[in-house]
Amino acid sequence: MARLKQTYPADGFFAIGIFNNKEQVNLGTLWRSAYILGASFIFTVGSKYKKQGTDVVNAWQKIPLFHYRDMDDLITHLPYDTRLVGVELDDKAIDMIDYQHPFRCVYLLGNEQSGLPSEALARCHELVKLPGNYSLNVSVAGSIVLYDRLAKQ
Ligand SMILES: C[S@@+](CC[C@H](N)C(=O)[O-])C[C@H]1O[C@@H](n2cnc3c(N)ncnc32)[C@H](O)[C@@H]1O
């Protein structure tokens with residue numbers, strides 16, 4: 001029997017989502033950025049999402065949104081050999097300037113009010129942070145992370 005010998009460029013894929021999202025408008029903005037910057041899907045952990053006016057490019061028609069019940073559900077459904085990257089202003093996080101993005105990864109952001117809780121941070125394979133002493137808006141932070149990935153390719 002013939003064996004499949006093809007190999008493919010190691011560009012990988014990525015997705016981005018928010019833990020316990022509070023402001024629906026931010027998820028709509030992030031969905032739009034994620035689609036434009038090349039994400040394969042977006043997701044929420046904990047909370048659900050209703051379509052927003054901020055998604056003016058109708059990104060919901062282009063890349064899917066998945067809902068995970070909790071961190072266990074997210075981790076159970078992580079694609080094979082894919083890193084979970086927590087994005088948080090945390091002492092243990094690597095500075096984005098020095099960060100090499102994994103070929104295959106899922107970026108996890110915290111919500112507007114409380115950020116990523118310690119239980120979620122502990123489940124991530126790695127943590128990255130953006131410059132600054134104060135938190136950015138969650139959809140702004142997510143968009144910068146995706147731009148950084150593209151810029152380093
Ligand atoms: C508005 S912030 C959360 C602020 C929250 N009040 C706190 O003190 O943790 C929402 C999310 O955006 C992301 N974020 C904002 N600024 C960031 C930064 N400088 N580095 C990494 N992530 C950031 C994180 O995922 C964060 O959980």
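Indexing begins at 1, ligand by ligand and atom by atom, following the structure's order. Quick caveat, the model's predicted, so the values are computed rather than measured. If you read the sequence from its start, that first residue is 1, and numbering goes on from there.
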* Structure fact -> For G115, the ligand 1 atoms with a heavy-atom partner under 4.0 Å come out as 3 (C), 5 (C), 9 (O), 27 (O)

* Going by the atom numbers of ligand 1, which of them fall below 4.0 Å from some non-hydrogen atom of L116? -> 27 (O)

* To do: For N137 and N26, test the side chains for any donor-to-acceptor distance below 3.5 angstrom and give the result as yes or no.
  => yes

* To do: Assess G132 for proximity to ligand 1: is some non-hydrogen atom of it under 4.0 Å away?
  => no

* Structure fact -> In ligand 1, the atoms that come under 4.0 Å of a heavy atom of V138 are 10 (C), 11 (C), 12 (O)

* Keeping the roles fixed (side chain from S143, backbone from A141), state whether a donor-acceptor pair exists under 3.5 Å. => no

* With backbone taken as N, CA, C and O and side chain as the heavy atoms from C-beta onward, which portion of Q113 lies under 4.0 Å from ligand 1: side chain, backbone, both, or neither? -> backbone

* Enclosure of D95 CG (heavy-atom neighbours >12, cutoff 6.0 Å) -> yes

* Look only at the side chain of N111 and the backbone of K22, and say whether a donor-acceptor pair between them is shorter than 3.5 Å. => no

* Structure fact -> for atom 20 (N) of ligand 1, nearest protein heavy atom and its distance come out as L130 N, 2.9 Å

* **Residue L109 vicinity, atoms of ligand 1 by number, heavy atom under 4.0 Å** => 25 (O)

* Asked: To which protein heavy atom is atom 17 (C) of ligand 1 closest, and what is the distance rounded to 0.1 Å?
  -> L136 N, 4.1 Å

* Please determine if K129 has a nitrogen or oxygen closer than 3.5 Å to a nitrogen or oxygen of ligand 1. => no

* For atom 11 (C) of ligand 1, what is the nearest protein heavy atom, given as residue, atom name and distance? -> G110 O, 3.4 Å

* Asked: Will you find, in the side chains of S139 and T29, an N or O donor that is under 3.5 Å from an N or O acceptor?
  -> no

* Counting heavy atoms not belonging to F13, are there more than 12 under 6.0 Å from its CZ? -> yes

* Nearest to atom 27 (O) of ligand 1, what protein heavy atom do you find, and at what distance? -> E88 OE1, 2.6 Å

* Look at ligand 1 and say whether N111 reaches it with a heavy atom at a distance under 4.0 Å. => yes

* Asked: Do D91 and K129 pass the salt bridge (charged side-chain N to carboxylate O under 4.0 Å, His left out) test, and can you show the C-alpha distance, the side-chain angles, and the key distance before you say yes or no?
  -> CA-CA 9 Å; D91 289 343; K129 64 182 166 195; 5.2 Å; no

* Asked: Does E112 approach ligand 1 within less than 4.0 angstrom via side chain, backbone, both or neither, non-hydrogen atoms only?
  -> backbone

* Could you walk me through whether Y35 and I42 pass the side chain to side chain contact (heavy atoms under 4.5 Å, CB included) check? -> CA-CA 9 Å; Y35 161 58; I42 70 161; over 6 Å; no

* Among N20, V87, V145, which one has a heavy atom closest to atom 22 (N) of ligand 1? -> V87

* **Check: S40 side chain, A15 main-chain N or O, donor-acceptor pair, under 3.5 Å** => no

* For atom 8 (O) of ligand 1, find the nearest protein heavy atom and state the residue, atom name and distance (0.1 Å precision). => S135 OG, 4.4 Å

* Specify side chain, backbone, both or neither for A93, according to which of its non-hydrogen atoms lie closer than 4.0 Å to ligand 1. => neither

* For ligand 1, note which part of A141 has a heavy atom under 4.0 Å away: side chain, backbone, both or neither. => side chain

* State, yes or no, whether a side-chain contact exists between R149 and C105 at a heavy-atom distance under 4.5 Å. => yes

* Does a sphere of radius 6.0 Å around CD1 in I97 hold more than 12 heavy atoms from other residues, nucleotides or ligands, not counting ones at 6.0 Å or beyond? -> no

